[in-house]
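First the proteins, then the strands, lettered A, B, ... as listed; each starts at 1.
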Amino acid sequence: MWAKWLETSPWGYPVRTSLWLYPFIQLIHFAGLSMWIGTSLALDMRLMGVGPKRRTAAELHEQLFAWNWIGFGIVVLGGFLLFSSAASTFLENTPFIWKLVHFVPCALLTHIVVQVKAPAWGRQESTPPVAKLAAVLEVSLWLCVATAAVLIPAF
Amino acid sequence: MYDILEAIEEWGWVVYIGRHRIFEVISMLHYFTIFWVVGTIALIDLRVLGLVGTKQTATEWQEQLSPWMWIAMVICLVSGFLEFAPGGGDFYLNFVFKWKVVATFAGIILSVMVYRGVPKWDRLPSMPGSAKVLAALCLIVWVGTILLGVEVANYASF
């Protein structure tokens, strides 16, 4: 019932019925995703000890932190508007359920742990094994999110 | 060109990709790496614009991020071609796809110009206006590429 309410809401209805609004919101969602993935992976790779080591992970985290969460805010806003436009259809889509209910919460939780611990883990040039493990786990979980997202139109 | 692309669709490995689950894996790689590429390029462009990473020089910032930009770009281009090949003829008829290809190459050229310009601009007292215009243009073109990518499916003939 709340799905139908979302679809007829003052924000869901225009996105669903407008010719240009849906792709425009998709663009916003994807632009936010670019910022989110670009900043998250830069830190994850540094925590893994892969690539340039000119900066410590802690320094990188400090510099990327604001843009990482700005990207996240844009992703959530765009995603919510896209979901609102066809909520009942999305809720019947198995890959979407996997993406939103299973993978995104796990990936987000791992991301928050990485963000909170990065200043401590990344103080030295070399990062501890737990930091590497957390970074690998985060990247793997975001790949699962991407896989589910790609499969959404097929169901 | 259309005939060539139709012929490529008949190649054994292209047919295999088009008919097996590996197509979804390739799609996922393309989908994921486009955000990685654009995100990393955006961070370098935003540094040129003076909006991020200002505690270090633009060259240092770029040296930290650019390996990921190039690696992700290669994966994105290769996976993009593998995704394109099984339906090349149909993609060729899609004008939005053609514009996406044009925008992608324009974005790559602009990114290379920014990449090569950063060490020179860094030696100047401040980031020149032309560098900021180039970085902003690069950012706009890549966002446009995403928009065109989103629109390709809406104009597909398959």
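- Heavy atoms closer than 4.5 Å to chain B are found in the side chain of Leu151(A), but not in its backbone.
- By the side chain to side chain contact (heavy atoms under 4.5 Å, CB included) test, Ile140(B) pairs with no residue at all, sequence neighbours left out.
- The other residues sharing a hydrophobic cluster with Leu141(A) are Leu137(A), where clustering joins ILVMFWY side chains under 4.5 Å apart.
- With a 4.5 angstrom heavy-atom cutoff, Val50(A) touches chain B via backbone and side-chain atoms both.
- By the 6.0 Å contact criterion, CG on Leu51(B) is enclosed, its count of non-hydrogen atoms from other residues, nucleotides or ligands being greater than 12.
- Under the 4.5 Å side-chain heavy-atom criterion for Ile, Leu, Val, Met, Phe, Trp and Tyr, Ile112(A) and Phe65(A) are members of the same hydrophobic cluster.
- When the side chain to side chain contact (heavy atoms under 4.5 Å, CB included) test is applied to Val133(B), no partner is found at least two apart in sequence or on another chain.
- In this structure, CG in Leu33(A) is found 8.5 Å from CD1 in Ile146(B), a value given to the nearest 0.5 Å.
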What would the table of donor-acceptor pairs between chain B and chain A look like if you include every N and O pair under 3.5 Å, whether backbone or side chain?
{"residue": "Leu51(B)", "atom": "O", "partner": "Trp67(A)", "partner atom": "NE1", "Å": "3.2"}
{"residue": "Lys55(B)", "atom": "NZ", "partner": "Glu62(A)", "partner atom": "OE2", "Å": "2.3"}
{"residue": "Gln56(B)", "atom": "OE1", "partner": "Arg55(A)", "partner atom": "NE", "Å": "3.1"}
{"residue": "Gln56(B)", "atom": "NE2", "partner": "Gln63(A)", "partner atom": "OE1", "Å": "2.9"}
{"residue": "Glu60(B)", "atom": "OE1", "partner": "Arg55(A)", "partner atom": "NH2", "Å": "3.1"}
{"residue": "Glu63(B)", "atom": "OE1", "partner": "Arg54(A)", "partner atom": "NE", "Å": "2.9"}
{"residue": "Glu63(B)", "atom": "OE1", "partner": "Arg54(A)", "partner atom": "NH2", "Å": "2.5"}
{"residue": "Gln64(B)", "atom": "NE2", "partner": "Pro52(A)", "partner atom": "O", "Å": "3.1"}

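- Taking the side chain as every heavy atom from C-beta outward, Val150(B) and Leu27(A) never approach each other to under 4.5 Å.
- Taking 4.5 Å as the limit, some side-chain heavy atom of Phe32(B) sits within range of a side-chain heavy atom of Leu41(A).
- Of the residues considered (Ala31(A), Ala149(A), Ala146(A), Gly51(A)), Ala146(A) shows the highest number of contacts with chain B, using heavy-atom pairs under 4.5 Å.
- Heavy atoms closer than 4.5 Å to chain A are found nowhere in Ile71(B), neither backbone nor side chain.
- Looking at Leu147(B), the atoms closer than 4.5 Å to chain A (heavy atoms on both sides) sit in the backbone and in the side chain alike.
- When the shell of 6.0 Å around CZ of Phe24(A) is examined, it contains 12 or fewer heavy atoms from other residues, nucleotides or ligands.
- By the neighbour-count criterion of 12 heavy atoms within 6.0 Å, atom CE of Met113(B) is sparsely surrounded, having that number or fewer from other residues, nucleotides or ligands.
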- prompt: Please walk me through it: do Leu43(B) and Leu64(A) pass side-chain contact (heavy atoms from CB on, under 4.5 Å)?
  reply: CA-CA 9 Å; Leu43(B) 285 170; Leu64(A) 295 173; 3.9 Å; yes
